[in-house]
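Side chains included, hydrogens not; waters and symmetry mates left out as well; all remaining heavy atoms used. By convention in this document, chain letters (A, B, ...) are assigned in the order of the sequence lines, proteins followed by strands, and residues within each chain are numbered from 1.
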2 protein chains.
Amino acid sequence: MSNRGRPRKSDSGRTKKRILDSAEELFARHGFQKVSLRSITSEAGVNVALINYYFGNKVGLLDAVLERRAAPINDHRNRLLDACAERAKVTGRLDAGEIIEAYTLPLLRSDTADASNRKMQHMIGLAYSDSSLETGRAIHRIFRDVARRFIAMLREACPELSAQEFHWRLVCVFGGITYLLAEPGRVRRLVGPEFDASDKSAAIACAMPFLAAGMSAPPAPTGSKRSAKPRRKGTRRVTKTPAEHASKPTARTGSPA
Amino acid sequence: MSNRGRPRKSDSGRTKKRILDSAEELFARHGFQKVSLRSITSEAGVNVALINYYFGNKVGLLDAVLERRAAPINDHRNRLLDACAERAKVTGRLDAGEIIEAYTLPLLRSDTADASNRKMQHMIGLAYSDSSLETGRAIHRIFRDVARRFIAMLREACPELSAQEFHWRLVCVFGGITYLLAEPGRVRRLVGPEFDASDKSAAIACAMPFLAAGMSAPPAPTGSKRSAKPRRKGTRRVTKTPAEHASKPTARTGSPA
DNA sequence: GTCTATAGGATGATAGAC
DNA sequence: GTCTATCATCCTATAGAC
């Protein structure tokens with residue numbers, strides 16, 4: 001009679017949470033592909049088949065782990081983007097630096113609980129820097145809406161850039177944010193462990209002027225900078241090699257082409 | 001008597017090259033982790049065990065594939081960096097934009113054979129955006145020397161930045177270059193396939209002003225930009241959380257901490 | 001509804017015959 | 001130098017006990 005409603009003390013929610021916690025911990029530490037389902041279930045103290053029972057498969061588990069943390073980040077992002085739009089009503093123009101900061105800050109320095117969010121940051125970073133497979137799709141599903149709003153606002157803030165220039169600079173911004181969040185050890189291997197990689201507030205403070213100045217840079221003044229060798233001709237060229245020299249006709253079904 | 005010296009027509013070098021070609025093709029198309037050794041050997045028409053015989057294991061095969069293409073890229077980088085140093089003797093100062101371009105251009109637009117290099121670019125991009133595991137280490141071994149020279153020259157070109165500011169901007173530069181080379185489909189999923197992702201010359205032309213302006217931006221003028229909300233206090237803080245709240249003592253041997 | 005036990009198919013790696 | 005056979009491990013799926 002002590003348990004009215006739930007059938008047992010080891011409820012569905014408890015084991016589910018245990019699996020999610022262990023998966024989050026291990027994904028954040030080793031990355032998605034390196035973690036086996038057996039290591040997750042053994043750490044959680046449950047049976048392997050429960051992952052299939054609750055989440056379908058490994059990707060479903062990743063989705064669940066990410067979705068659990070996505071809402072506060074997206075809400076924070078939307079609030080900061082709202083503030084940018086509000087300020088633009090006064091100043092008459094959106095500021096690229098503020099928009100980038102509004103999109104970046106909630107991920108690198110969230111206002112929710114710190115301990116759990118640190119793990120989430122690392123895990124998102126690892127998922128970001130994963131190859132364009134399941135993890136990329138999971139990240140896309142979770143952040144798609146706010147990311148599109150961010151891109152639209154940033155586009156408004158940079159009207160002087162051509163569509164192509166804006167596109168490639170945007171790629172640089174995403175790459176920079178991704179590496180700020182969790183660069184896969186490459187820079188640290190090159191320069192040594194001089195700075196604390198977990199001090200995201202210092203990282204964001206140092207990187208924001210970089211990203212803002214990059215987006216606000218004049219749009220390729222066509223050879224204003226001095227140069228000794230002949231430059232590429234024009235930036236508006238969208239060349240397309242006619243045939244890709246397929247050396248082997250046995251190629252599989254190409255996914256990213 | 002037609003074959004003097006080599007024991008058979010299917011020499012060691014021939015099958016070795018067949019394996020390398022197939023591995024390069026498949027790694028470039030699907031990424032390192034997704035490609036199985038059996039798919040490589042079946043495409044190459046050889047036995048599975050030959051990979052172990054020639055390259056030891058899968059990582060050894062990746063190393064061999066990368067090393068085959070590394071030399072011309074590194075040589076080209078060194079030549080362009082030499083030219084930057086030469087110009088600096090005249091102008092009296094290294095130019096950050098030129099240095100970044102010298103490091104980026106050989107990877108995105110090599111002067112060697114085009115067909116083989118396209119595959120190499122895509123493969124390096126996939127390896128770059130892989131998690132911080134074997135592929136990252138392979139990339140590091142191959143590009144370490146030139147990358148360190150690039151970093152040292154770029155540091156000289158930005159003497160007004162503090163060490164910490166330079167570090168995080170450098171992280172942004174590497175992230176941007178990586179995403180320019182092969183962003184894992186994230187931006188394309190967000191904005192659609194508007195621009196040809198393989199047109200690296202347009203990408204580099206549009207991105208260079210971004211990266212150069214970012215490195216040349218003034219070093220965090222401490223609240224010069226207008227802002228409505230209270231900012232973080234100081235950029236020189238290198239906080240370190242005292243304990244990382246290890247929830248489970250059953251954690252494995254942590255690799256990246 | 002919750003969970004255990006177990007099996008199928010595929011992977012990376014290796015030993016040993018030819 | 002090449003190949004067959006085999007191993008341990010992985011993800012996934014399902015049958016059936018509580």
Taking only N/O atoms, report every protein-nucleotides 3-7 of chain D pair under 3.5 Å with atom names and distance.
{"unit_1": "D/dT4", "atom_1": "OP2", "unit_2": "B/Asn47", "atom_2": "ND2", "d": "3.2"}

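The nearest whole Å value for the distance from the CZ atom in A/Phe55 to the P atom in D/dA13 is 15 Å. As rounded to whole Å, 14 Å separates atom C1' of C/dT2 from atom CZ of A/Arg18. Per the geometry, NZ belonging to A/Lys34 stands 16 Å off C1' belonging to D/dC11, to the nearest Å. A straight line from NZ of A/Lys58 to C1' of D/dC11 spans 8 Å, rounded to a whole angstrom. The interatomic distance linking B/Leu37 (CG) with D/dT9 (P) rounds to 18 Å, in whole Å. Straight-line distance from the CD atom of A/Gln33 to the C1' atom of D/dC11: 13 Å, rounded to whole Å. Whole-Å rounding puts the B/Ile51 CD1 to C/dA15 P distance at 17 Å. Spacing between atom CG of B/Asn52 and atom P of C/dA15 amounts to 9 Å, rounded to whole angstrom units.
Between B/Thr15 and the phosphate of D/dT2, there is a side-chain N or O to OP1/OP2 separation shorter than 4.0 Å. Distances shown here put every side-chain N or O of B/Asn57 at or beyond 4.0 Å from the OP1 or OP2 atom of C/dG12.
Residue B/Tyr54 is in sugar-phosphate contact alone, with no base atom involved, counting any heavy-atom pair closer than 4.0 Å across all strands shown. Residue contacts for B/Val35: at a heavy-atom cut-off of 4.0 Å it reaches the sugar-phosphate backbone alone, with no base atom in range. A/Gly56 comes within 4.0 angstrom of sugar-phosphate atoms only, judged by non-hydrogen atoms across all strands, and of no base.
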- With side chain to side chain contact (heavy atoms under 4.5 Å, CB included) as the test, would you mind laying out the steps for B/Arg186 and A/Thr178 before giving the verdict? CA-CA 11 Å; B/Arg186 199 147 53 93; A/Thr178 300; 2.7 Å; yes
request  = Please assess B/Tyr179 against A/Phe174 for the test ring pair (Phe, Tyr, Trp, His ring centres under 6.0 Å), listing each intermediate value before the final yes or no.
outcome  = CA-CA 8 Å; B/Tyr179 265 43; A/Phe174 274 105; 7.6 Å; no
* To do: Quick one: do B/Phe150 and B/Ile100 satisfy side chain to side chain contact (heavy atoms under 4.5 Å, CB included)? Show the steps, please.
  => CA-CA 8 Å; B/Phe150 159 71; B/Ile100 295 176; 4.3 Å; yes
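Considering only heavy atoms from C-beta on, B/Tyr103 stays 4.5 Å or farther from B/Met153 through its side chain.
For A/Ala203, the side chain to side chain contact (heavy atoms under 4.5 Å, CB included) partners at least two apart in sequence or on another chain are A/Leu180, B/Trp168. Remark: A/Asp63 engages A/Arg141 in a side chain to side chain donor-acceptor pair (under 3.5 Å) (not counting sequence neighbours).
Salt bridge B/Arg188/B/Glu194: absent, no basic N to carboxylate O contact under 4.0 Å.
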